[in-house]
Amino acid sequence: MYNEKVIDHFTNPRNVGEMPDADVVGESGSFKCGDTMKIYLKIEGDRIADIKFQTFGCGAAIASSSMLTEMAKGKTLEEARRITNKDVAAELGGLPPLKMHCSNLAADALQDAINRYLDGEKGAQS
Ligand code: FES
């Protein structure tokens with residue numbers, strides 16, 4: 001059902017864990033299954049210097065989260081906010097159709113974190 005890349009990211013997830021000194025934390029949840037995810041960002045200038053995640057979800061969600069952190073690390077906030085769940089699934093070599101919604105968790109949590117950070121910056125300027 002899952003390809004080797006997905007299994008690799010599920011059994012050996014990259015960038016997993018909490019980040020106590022994160023600049024911002026994003027969250028997401030799936031209405032379909034109740035699974036949730038948090039993403040932590042360390043931002044330097046306008047770049048994602050470090051990123052970590054915690055996912056309380058299925059194997060596809062964990063693999064997607066792991067892949068997303070690898071894709072987003074080092075990118076500018078503008079570049080990272082363009083990463084979609086389809087990009088993550090494609091980078092994983094595809095997900096079974098029934099599991100496509102699982103990749104939303106990761107992409108949504110990243111968007112949430114970036115939006116919160118940019119909103120906070122706007123708030124600080126006004
Ligand atoms: Fe919930 Fe995959 S079944 S995220």
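Indexing begins at 1, ligand by ligand and atom by atom, following the structure's order.
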(request) Classify the contact between Ser30 and ligand 1 as side chain, backbone, both or neither, using a heavy-atom distance cut-off of under 4.0 Å. (result) neither
(message) At less than 4.0 angstrom from any non-hydrogen atom of Cys58, what atoms of ligand 1 do you find?
(response) 2 (Fe), 3 (S), 4 (S)
(message) Testing the 3.5 Å rule here: is there a donor-acceptor pair between the side chains of Thr69 and Asn15?
(response) yes
(request) Check whether any N, O or S atom of Cys102 sits under 2.8 Å from atom 2 (Fe) of ligand 1. (result) yes
(message) To check your reading of the model: name the closest protein heavy atom to atom 4 (S) of ligand 1, its residue, and the distance in Å.
(response) Asp35 OD2, 3.3 Å
(message) If you count every heavy atom of other residues, nucleotides or ligands that lies below 6.0 Å from Lys86 atom NZ, does the total exceed 12?
(response) no
(request) Pick one of side chain, backbone, both or neither for how Lys99 approaches ligand 1, counting any non-hydrogen atom pair under 4.0 Å. (result) side chain
(message) One thing to verify: whether Glu78 and Arg81 come together as a salt bridge, which I'm taking to mean a side-chain N less than 4.0 angstrom from a carboxylate O.
(response) yes
(message) So which atom in Ser30 and which in Leu105 form the shortest heavy-atom distance, rounded to 0.1 Å?
(response) N-CD2, 3.6 Å
(message) Does this structure show an ion pair linking Asp8 with Arg14, if we count only N-O contacts that are shorter than 4.0 Å?
(response) yes
(message) If you define the side chain from C-beta out and look only at heavy atoms, does anything of Leu92 sit under 4.5 Å from Ser64?
(response) yes
(message) Taking 4.0 angstrom as the limit and counting only heavy atoms of Ala61, give me the atoms of ligand 1 inside it, by number and element.
(response) 4 (S)
(message) Counting backbone and side-chain atoms alike, is an N, O or S atom of Cys33 positioned under 2.8 Å from atom 2 (Fe) of ligand 1?
(response) no
